[in-house]
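A quick note: this is a predicted structure, and the numbers were derived from the prediction, not measured. In what follows, every heavy atom counts, from backbone to side chain, and hydrogens, waters and symmetry copies are set aside.
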Amino acid sequence: MASLTKPGGWHRHRIDLAEPGRRETNYIEILEWSRLGYWLTMRFIPGATNRWRASHHLNKLKSLGLEIVQARREMRDRLPIPLSWVSDEFSKLGEKELRTTALDAMGRV
């Protein structure tokens with residue numbers, strides 16, 4: 001994205017971590033699966049819930065050469081599942097990260 005934008009150009013991204021069908025819980029359901037469990041099952045489901053969290057998306061945008069000027073998170077008041085159900089890979093991210101359901105990010109080149 002940054003390579004297609006003139007210096008000083010802007011990007012705005014809305015990243016929804018849930019799918020419209022079952023938005024209340026599915027933004028985090030996939031995090032209950034280990035990497036192997038996901039690979040064996042969920043990878044075959046079209047549109048399986050995104051395993052990336054908001055911080056992963058922000059880091060990717062930064063690695064593409066965008067300076068993040070603003071990042072606003074939509075968050076649930078609490079997790080819809082117990083933290084103990086989340087796989088180890090994601091439980092270390094912290095509750096704020098896990099409660100994030102969507103991210104609005106603005107960046108410039």
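Of all heavy-atom pairs between Y27 and A18, the closest is CB-CB, 3.6 Å. In plain terms, the two heavy atoms of S91 and V86 that are nearest each other are N-CG1, 3.6 Å. Summarising the geometry of G37 relative to S34, their closest heavy-atom pair is N-OG, 3.0 Å, with the distance given to 0.1 Å.
Under the 4.5 Å side-chain heavy-atom criterion for Ile, Leu, Val, Met, Phe, Trp and Tyr, M106 and I68 are members of distinct hydrophobic clusters. Linking Ile, Leu, Val, Met, Phe, Trp and Tyr whenever their side-chain heavy atoms come within less than 4.5 Å puts L98 and I81 in one cluster. A continuous path of hydrophobic side-chain contacts links I28 to W85 [ILVMFWY only; heavy atoms under 4.5 Å]. No single ILVMFWY cluster, assembled from side-chain heavy atoms under 4.5 Å apart, contains both L61 and V69. Linking ILVMFWY side-chain heavy atoms closer than 4.5 Å, directly or via other members, places M75 and L83 in two distinct hydrophobic clusters.
When only modelled atom types and interatomic distance are considered, T101 and R76 share no side-chain donor-acceptor pair under 3.5 Å.
Applying the under-4.5 Å side-chain rule to Ile, Leu, Val, Met, Phe, Trp and Tyr, the cluster around L40 extends to L36, W39.
Listed for the T100 side chain is no donor-acceptor partner under 3.5 Å among the backbone atoms of A54. Checked by atom type and distance alone, the side chain of E97 pairs as donor or acceptor with a backbone atom of S55 at under 3.5 Å. Put simply, the side chain of H56 gets close to the backbone of R53: a donor and an acceptor are under 3.5 Å apart. Formation of a donor-acceptor pair under 3.5 Å by the Q70 side chain with backbone atoms of A105 is not found in this model.
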Next on the checklist: Applying side-chain contact (heavy atoms from CB on, under 4.5 Å) to R12 and D104, what does each step give before you reach the verdict?
Outcome noted: CA-CA 7 Å; R12 183 179 181 282; D104 289 302; 3.4 Å; yes
Next on the checklist: Run L66 and H13 through side-chain contact (heavy atoms from CB on, under 4.5 Å) and show every step you take.
Outcome noted: CA-CA 11 Å; L66 295 178; H13 300 272; 4.1 Å; yes
Item to check | Check against side-chain contact (heavy atoms from CB on, under 4.5 Å), R14 and L103 | outcome: CA-CA 6 Å; R14 166 86 175 160; L103 174 69; over 6 Å; no
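Taking the charged nitrogens against the carboxylate oxygens, E67 and K62 have no contact shorter than 4.0 Å, which rules out a salt bridge. In summary, R99 and E74 do not engage in a salt bridge, as defined by a charged side-chain N under 4.0 Å from a carboxylate O.
Within the 4.5 Å cutoff, no side-chain heavy atoms of K6 are placed close to those of V109. L79 is listed as a side-chain neighbour of E95, based on a closest heavy-atom distance under 4.5 Å. When side chains are defined from C-beta on, R108 does not count as touching H11, because their heavy atoms never get closer than 4.5 Å.
F90 CZ to E32 CD: the interatomic distance, rounded to the nearest 0.5 Å, is 11.5 Å.
Residues passing the side-chain hydrogen bond (donor to acceptor under 3.5 Å, both in side chains) test with R78: none are found, sequence neighbours excluded.
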